[in-house]
K.L.:
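Dropping a structure here in structure tokens format, bear with me for questions.
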Amino acid sequence: MTKAICPGSFDPVTCGHLDIFRRAQALFDDVTVLVTGNPDKNTGLFSVQERVELIREVVDPSVKVDYWSGLLVDYTTAHGADALVKGLRSSLDYEYELPMAQMNRHLSGIDTVFLLTNEKLGYVSSSLCKQVASFGGDVSGLLPDPVVAAIKEKFGE
Ligand code: PNS
């Protein structure tokens, strides 16, 4: 039984994230999407509870969704995870992810498996979608439909 954790801030979850979760399911028996605190991203548009609920609404029912406010490797060790899974859109993502993957491996021995983002979604990020939506731009097809509805509500549309 292989177990993977897909960690992230997911503020909010995008279609790119969903694609990574689906592909993680093809590689691992058990997949948990973990909403975790990123101390470098102080201001969230969605509360942690809202992020968790939106993810639950759009992922395959066999995927678990959880929240953790502590050190990521404390969660992975406590839950007996075999690997972390993250998406890579570009070399910039690689530069950002590499030290975290190496730190997590140093702290607990856990490996990070990187999946290359779907080539059609390489420009999609939660931050850019929030910015576009805040100006009334159309983010349908980039965010799952319930998330598009939720983001419109946030920006009073
Ligand atoms: O989606 P993000 O914001 O790029 O994900 C980064 C995240 C949340 C996975 C990372 O900040 C994290 O693991 N936070 C939990 C605290 C922690 O363990 N920090 C040390 C990471 S090496």
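Hydrogens, waters and symmetry mates are skipped; everything else that's a heavy atom, side chains included, is used. Note that ligands are numbered from 1 as they come in the structure, with each ligand's atoms numbered from 1 the same way.
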K.L.:
Does a side-chain heavy-atom distance below 4.5 Å link Q25 with V63?
P.N.:
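A side-chain contact under 4.5 Å exists here.
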K.L.:
Can you confirm whether F155 is buried at CZ, in the sense that more than 12 heavy atoms of other residues, nucleotides or ligands lie under 6.0 Å from that atom?
P.N.:
yes
K.L.:
In terms of atom number and element, which parts of ligand 1 are under 4.0 angstrom from non-hydrogen atoms of G8?
P.N.:
1 (O), 5 (O)
K.L.:
Need the ligand 1 atom indices (1-based, order shown) with element for anything under 4.0 Å from a heavy-atom of K86.
P.N.:
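In order of numbering, the contacting atoms are 4 (O), 5 (O), 6 (C), 9 (C).
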K.L.:
If you count the atoms of ligand 1 from 1 in the order shown, which ones are under 4.0 Å from a heavy atom of L72?
P.N.:
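In order of number, 13 (O), 17 (C), 18 (O).
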K.L.:
Please compare D11, V73, T36 and report which has the shortest non-hydrogen distance to atom 9 (C) of ligand 1.
P.N.:
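Nearest option to atom 9 (C) of ligand 1, by heavy atoms: T36.
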K.L.:
Starting from atom 10 (C) of ligand 1, which protein heavy atom do you reach first, and at what distance in Å?
P.N.:
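For atom 10 (C) of ligand 1, the nearest protein heavy atom is M100 SD, 3.9 Å.
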K.L.:
Any atoms of ligand 1 less than 4.0 Å from a non-hydrogen atom of Y96? List them with their elements.
P.N.:
2 (P), 3 (O), 4 (O), 6 (C)
K.L.:
Which ligand 1 atoms does M103 reach within 4.0 Å, using its non-hydrogen atoms?
P.N.:
22 (S)
K.L.:
Under 4.0 Å from any heavy atom of S9, which atoms of ligand 1 are there?
P.N.:
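Contacts of ligand 1 toward S9, numbered from 1: 1 (O), 2 (P), 3 (O), 5 (O).
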K.L.:
Taking 4.0 Å as the limit for heavy-atom contacts, which would you say applies to N104 with ligand 1: side chain only, backbone only, both, or neither?
P.N.:
side chain
K.L.:
Exactly one of V58, D60, V33, V65 should register a side-chain contact (heavy atoms from CB on, under 4.5 Å) with F21. Which one does?
P.N.:
V33
K.L.:
With a sphere of 6.0 Å drawn around NZ of K3, does it hold more than 12 non-hydrogen atoms of other residues, nucleotides or ligands?
P.N.:
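Check passes, neighbour count above 12.
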K.L.:
State, with a plain yes or no, whether a side-chain heavy atom of L84 is found less than 4.5 Å away from one of V113.
P.N.:
no
K.L.:
Kindly indicate whether the side chain of R51, heavy atoms from C-beta on, has any atom under 4.5 Å from the side chain of P12.
P.N.:
no
K.L.:
Give me the nearest non-hydrogen protein atom to atom 11 (O) of ligand 1 as residue plus atom name, then the distance to 0.1 Å.
P.N.:
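Nearest neighbour among protein heavy atoms for atom 11 (O) of ligand 1, to 0.1 Å: N38 CG, 3.5 Å.
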K.L.:
Under 3.5 Å, is there a donor-acceptor pair between the side chain of R89 and the main chain of Y123?
P.N.:
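Pair absent, no side-chain N/O of R89 close to backbone of Y123.
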K.L.:
Pick whichever of T76, V35, L71 has a heavy atom sitting closest to atom 20 (C) of ligand 1.
P.N.:
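Looking at heavy atoms only, L71 sits closest to atom 20 (C) of ligand 1.
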K.L.:
Under a heavy-atom criterion of less than 4.0 Å, does A101 contact ligand 1?
P.N.:
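It does not; every heavy atom stays at 4.0 Å or beyond.
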K.L.:
Is M100 atom CE crowded by more than 12 heavy atoms from other residues, nucleotides or ligands, each under 6.0 Å away?
P.N.:
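Enclosed: over 12 neighbouring heavy atoms sit under 6.0 Å from CE of M100.
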K.L.:
Does W68 approach ligand 1 within less than 4.0 angstrom via side chain, backbone, both or neither, non-hydrogen atoms only?
P.N.:
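Neither part.
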K.L.:
Below 4.0 angstrom from a heavy atom of G70, which ligand 1 atoms are there? Numbered from 1 as shown, please.
P.N.:
15 (C), 16 (C)
K.L.:
In terms of residue, atom name and distance, what is the protein heavy atom nearest to atom 15 (C) of ligand 1?
P.N.:
G37 O, 3.2 Å
K.L.:
Just wondering, are more than 12 heavy atoms of other shown residues or ligands nearer than 6.0 Å to CG in D74?
P.N.:
yes
K.L.:
Using the rule side-chain hydrogen bond (donor to acceptor under 3.5 Å, both in side chains), only one of T32, T36, D66 pairs with Y75; which is it?
P.N.:
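Answer to the side-chain hydrogen bond (donor to acceptor under 3.5 Å, both in side chains) test with Y75 among T32, T36, D66: D66.
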K.L.:
Quick one: look at R105 and ligand 1, take heavy-atom pairs under 4.0 Å, and tell me if it's side chain, backbone, both or neither.
P.N.:
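None of R105 does.
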